[in-house]
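Sequential numbering from 1 along the given sequence is applied to the chain's residues. In this text, all values refer to a predicted model and were calculated from it rather than measured experimentally. For ligands, and for the atoms within them, numbers begin at 1 and follow the listed sequence.
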Amino acid sequence: MARVLTVGAAQLGPIEKSENRASVVTRMLDLMNAAKRKSCDLVVFPELALTTFFPRWYMTDQTEIDQWFEAEMPNHDTEPLFDMARQSNMAFHLGYAELCTKSDQTHHYNSAILVDKDGEIAAKYRKIHLPGHDEFDPDRDFQHLEKRYFETGDLGFPVFKALNSTLGMCICNDRRWPETFRMLGLQGVELVMLGYNTPVHYPRAPEHDHLQDFHNHLSVQAGAYQNGTWVAATAKAGCEENCDMIGGSCIVSPTGEIVAQCETLDDELITWNCDLDLCQTIQKNIFNFELHREPENYGLIARSTKGN
Ligand code: CDV
């Protein structure tokens with residue numbers, strides 16, 4: 001019997017700095033209700049979905065910084081999403097800023113979780129490729145301080161058996177790195193859940209601004225095809241606090257084709273019935289890793305170039 005997962009990519013429009021989590025969660029519940037009407041098994045929300053994209057501001061006060069983080073998950077504000085998952089028999093993927101304590105040390109991660117149809121956290125990923133900078137940059141109209149506020153994820157690139165499938169996650173900048181998708185591909189991933197916040201303006205190379213949508217789709221489509229996996233890529237889009245962010249949320253098939261794409265820069269749901277067995281057409285043929293991959297010749301890829 002075919003394994004078909006009905007997937008929704010739930011794009012969010014802008015979230016202003018003053019909008020609280022309860023209000024954002026109400027918007028997300030609307031999208032989950034729309035997904036329920038479409039009989040979705042899984043809804044994919046964006047990176048840092050509960051608040052505005054706070055790394056665009058420079059902050060020094062740790063208490064002020066920590067207010068953007070979730071110290072518990074679920075918590076009072078997010079519990080309705082978990083209840084909805086249980087009531088609707090529908091899993092969801094959520095990106096959020098995670099504050100946690102390990103061996104008496106506090107840690108900050110840009111994280112994503114998969115919540116299963118029973119409303120339980122089934123999997124977690126912590127972003128590995130953190131873009132931007134760690135000190136105030138006076139040359140920028142807006143900051144991108146992910147390197148200041150987050151540590152590099154410490155969970156690697158795992159895959160998870162859930163929803164009768166093999167699932168993986170990555171977050172925003174991760175999608176631009178072929179290594180991310182290949183790590184998941186080597187573990188037989190069938191669906192990659194991915195959220196992003198991508199400004200149209202890239203201060204280091206503004207001549208590329210008109211290519212932001214293209215580079216988004218180029219990366220996601222290549223990752224899907226080269227690893228024979230479905231990808232659900234979901235944006236936080238639109239003009240947020242004077243910062244324009246791309247939309248273009250999409251669901252991509254294992255052949256690299258976009259099968260569904262958002263049309264607006266606002267809250268919007270797209271869905272697709274993803275036949276997971278289609279992954280085999282790629283994974284068993286053109287990208288049959290066992291037959292055709294040549295890792296003996298790829299040594300440089302896993303060697304550190306930091307500090308060289
Ligand atoms: N949130 C991100 O990781 N954004 C980056 C931007 C800063 C380039 C991205 O790769 O889309």
Side-chain angles (χ1 to χ4, degrees), residues 9 11-15 17 24 44-59 65 68-69 93-98 108-112 125-137 139-153 157 168-181 183-184 192-224 231-250 252 261-262 265:
Q11 179 174 282
L12 286 171
I15 301 174
K17 206 174 180 180
V24 177
V44 179
F45 288 112
E47 174 191 34
L48 300 176
L50 298 170
T51 67
T52 199
F53 190 77
F54 65 89
R56 74 168 66 91
W57 290 283
Y58 178 71
M59 294 173 276
I65 296 166
W68 297 106
F69 284 76
H93 161 280
L94 171 71
Y96 69 102
E98 181 193 7
H108 297 77
Y109 298 105
N110 186 342
S111 300
Y125 169 70
R126 292 174 173 150
K127 186 174 182 178
I128 289 185
H129 297 99
L130 297 172
H133 48 112
D134 59 6
E135 286 301 335
F136 183 75
D137 180 351
D139 293 334
R140 293 176 186 249
D141 293 340
F142 54 87
Q143 307 291 299
H144 198 105
L145 288 156
E146 284 196 60
K147 286 195 192 296
R148 182 178 184 84
Y149 301 134
F150 301 117
E151 290 161 66
T152 303
F157 292 104
M169 297 185 247
C170 66
I171 302 179
C172 198
N173 193 260
D174 284 324
R175 74 197 186 289
R176 301 184 193 270
W177 299 87
E179 292 87 346
T180 299
F181 280 101
M183 286 298 295
L184 297 171
V192 178
M193 299 166 281
L194 146 66
Y196 59 96
N197 282 263
T198 297
V200 173
H201 177 53
Y202 184 67
R204 291 278 171 230
E207 65 276 20
H208 294 170
D209 287 0
H210 70 290
L211 299 173
Q212 290 301 340
D213 283 298
F214 167 61
H215 287 160
N216 175 37
H217 287 160
L218 180 69
S219 304
V220 172
Q221 290 180 260
V231 182
T234 310
K236 175 130 70 57
C239 186
E240 189 178 86
E241 298 285 354
N242 285 328
C243 177
D244 283 314
M245 298 193 295
I246 66 166
S249 302
C250 58
V252 181
Q261 184 178 331
C262 282
L265 294 175

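Every residue two or more places apart in sequence or in another chain that forms a salt bridge (Lys or Arg N to Asp or Glu O under 4.0 Å) with Glu98 is listed here: Lys124, Arg126. With sequence neighbours left out, Glu135 forms a side chain to side chain contact (heavy atoms under 4.5 Å, CB included) with Tyr58, Arg148. For Trp68, the ring-ring contact (aromatic ring centres under 6.0 Å, His included) criterion is met by Phe54, not counting sequence neighbours.
In terms of heavy-atom proximity, Leu265 sits nearest to Ile246 at CD2-C, 4.2 Å.
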For ligand 1, list every N/O pair with the protein closer than 3.5 Å, one pair per line with the distance.
from: ligand 1; atom 1: 1 (N); to: Glu47; atom 2: OE1; distance (Å): 3.1
from: ligand 1; atom 1: 1 (N); to: Glu146; atom 2: OE2; distance (Å): 3.1
from: ligand 1; atom 1: 1 (N); to: Asn197; atom 2: O; distance (Å): 3.1
from: ligand 1; atom 1: 3 (O); to: Lys127; atom 2: NZ; distance (Å): 2.8
from: ligand 1; atom 1: 3 (O); to: Glu146; atom 2: OE2; distance (Å): 3.3
from: ligand 1; atom 1: 3 (O); to: Asn173; atom 2: N; distance (Å): 3.3
from: ligand 1; atom 1: 4 (N); to: Asn197; atom 2: O; distance (Å): 3.1
from: ligand 1; atom 1: 10 (O); to: Asn173; atom 2: ND2; distance (Å): 2.8
from: ligand 1; atom 1: 10 (O); to: Arg176; atom 2: NE; distance (Å): 2.7
from: ligand 1; atom 1: 10 (O); to: Arg176; atom 2: NH2; distance (Å): 3.3
from: ligand 1; atom 1: 11 (O); to: Arg175; atom 2: NH1; distance (Å): 3.4
from: ligand 1; atom 1: 11 (O); to: Arg176; atom 2: NH2; distance (Å): 2.8
from: ligand 1; atom 1: 11 (O); to: Thr198; atom 2: OG1; distance (Å): 2.6

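Side-chain atoms of Asn197 come within 3.5 Å of backbone N or O of Glu47 as a donor-acceptor pair.
Under a cut-off of 6.0 angstrom, the local environment of CH2 in Trp177 is sparse, with at most 12 non-hydrogen atoms contributed by other residues, nucleotides or ligands.
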